[in-house]
Amino acid sequence: MYDRTLINSSTPGGTITVIGWVHEVRDLGGLTFLLLRDRSGILQAKFEKENLSQEILSLLDQLYRESVVLLTGEIVEEKRAPNGIELIPKTIEIISLSDPNLPLDPSGKVTSELSTRLDKRCIDLRRPESRSIFEIRSEVQRSIRQHFYDIDCIEINTPKIVATGTEGGTDLFPIAYFGKEAFMNQSPQLFKQLVAGGGIERVFEIGPIFRAEEHNTTRHLNEATSIDFEAAFIDHEMAMEVAEEVISIAYHSVSENCHEQLQMLGIQKLTLPQIPFPRISYTNAIEIANESGDLPEPLNWGDDLSTQAERSIGDIMNSHYFITDWPSEIKPFYIQDQDESPELSKGFDLMHPSMELVSGGQRENRYEFLINALENQGLNPSDFEFYVDMFRYGMPPHSGWGMGADRLVMSMLQLDNVREVVLFPRDRNRLAP
RNA sequence: GCCUCGGUGGUGUAGUGGCCUAUCAUACGACCCUGUCACGGUCGUGACUCGGGUUCAAAUCCCGGCCGAGGCGCCA
């Protein structure tokens, strides 16, 4: 479309064309600086009035911030310019003028509230900070995807529209499906098991999950991205090793490949998590939380960990860590009980000091035990027939986990709201854009 | 679902009954300015979420709606 040069590959000598957004205009009188921004960076263009035609000067006068323009000119070395170079324009072509009343300020002189930024996400993405977050998120997903291929997984896609009611816990969004009752899926759990246990053995999926809970926090969304892993012939211990490797690789890749983006977010050096992560038992976790003195009242064995308990334990651990040996009754029906102590399960959670990142475990692959587990949790096995029935035909032992992709990026970049890492978040109140 | 807090120019804010003809920054306009890098200077433009109530007097107090932020629960 246009024969243009990206700003970060502009070098002195010769005439080039750059296209981008007007980031800022600084009119000093006889001298005007225009900062032009494209996806690669910001370039300073210098307009000296006495050397320019009336035509160029009148075009320059029309340029509000965030207008899209094409500049042709010579790049020259200039010690006084921001990156040591500047553009001496010969022509200006206005491609798209901007309304001067911007809904937010991409140059960052005036801050905007998150809600304003999300309403006008298109403009918000012009802020280098916002763009950096999504470039890093892309690198996280790219590196994780690569790692899954390296450990012999294939990428799968499971249905997001399902007939089955809840697996327990969360509420589902009902949808209209040709006169039948249907829901948006809360997780790929049951399907990925059928695929891994079915014969493909090692699978992963990066996709959306839907939860109809009306929560109001900085770490919950009604549509989130889940990174799911499932493999046959591995136990929960091996699944935990894969989980910590995945996190470690994501951090390393971002640290190596996203220097500028990290810099932009004020992170001089990403602290890399050391694997293996410490493992503590649920019982131990309860003790640590109770001994912290932070809890309004002590937790009893069998209680789920409260938000405060997670934080208190996180403060003490001060790194990623696993919680293992959960009581069977607070883990889902598809998690296998321990052989020696059936009151404990083979489920685990992987925690960042600030929140839960991963939940997983070894699955119950024995038909009779699975039926029992469903009934024990008050669920009707016939509602899950498409699933449990397959366990009659040779289901290997298998394990896996689901990781919150949004939370992974949020905690890596120490952002205070998960919505920062989601382009168009869906929450209790937000359905558009 | 339970609970708390908030809504002032395009954006971000100050202002807790009369001193508000509403502060400051940024933006935009005019003028001055040839090395800015949050350019600077002078002047100007532009706002009290909506409805009802209390009061001599409401941005400010009360009630309701709408919108937003957050805590808990639950989870990823």
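Note on naming: letters A, B, ... go to the chains in the order of the sequence lines (proteins, then strands), and numbering restarts at 1 for each one.
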Listed in order of residue number, which residues of [range] have a non-hydrogen atom at under 4.0 Å from RNA chain B?
range: residues 242-249 of chain A; result: none
range: residues 27-34 of chain A; result: A:D27, A:L28, A:G29, A:G30, A:L31, A:F33
range: residues 72-94 of chain A; result: A:E78, A:R80, A:A81, A:P82, A:E86

Provide a list of protein-nucleic acid N or O atom pairs under 3.5 angstrom, restricted to nucleotides 9-11 of chain B.
| unit_1 | atom_1 | unit_2 | atom_2 | d |
| --- | --- | --- | --- | --- |
| B:G10 | O2' | A:L102 | O | 2.8 |
| B:U11 | O2' | A:T111 | O | 3.4 |
| B:U11 | O2' | A:S112 | OG | 3.1 |

Of A:L52, A:I56, A:L34, which meets side-chain contact (heavy atoms from CB on, under 4.5 Å) against A:I92? A:I56
Looking at A:T218, does any N or O in its side chain come under 4.0 Å of the phosphate oxygens OP1/OP2 on B:G71? yes
Short side-chain N/O contact from A:K109 to OP1 or OP2 of B:A27, under 4.0 Å: yes
Mind listing the side-chain donor-acceptor pairs of residues 314-326 of chain A below 3.5 Å, one per line with the distance, residues two or more places apart or on another chain?
| unit_1 | atom_1 | unit_2 | atom_2 | d |
| --- | --- | --- | --- | --- |
| A:T324 | OG1 | A:I280 | O | 3.4 |
| A:W326 | NE1 | A:I323 | O | 3.0 |

Protein and nucleotides 44-50 of chain B: nitrogen or oxygen contacts under 3.5 angstrom:
none

If you take atom types as modelled and just measure distance, does the side chain of A:R407 reach the base of B:C75 with a donor-acceptor pair under 3.5 Å? yes
Regarding B:C75, can its base be found pairing with the side chain of A:H215 as donor and acceptor, where the two atoms are less than 3.5 Å apart? no
Any chance the rings of A:Y387 and A:Y334 have centres within less than 6.0 Å? no
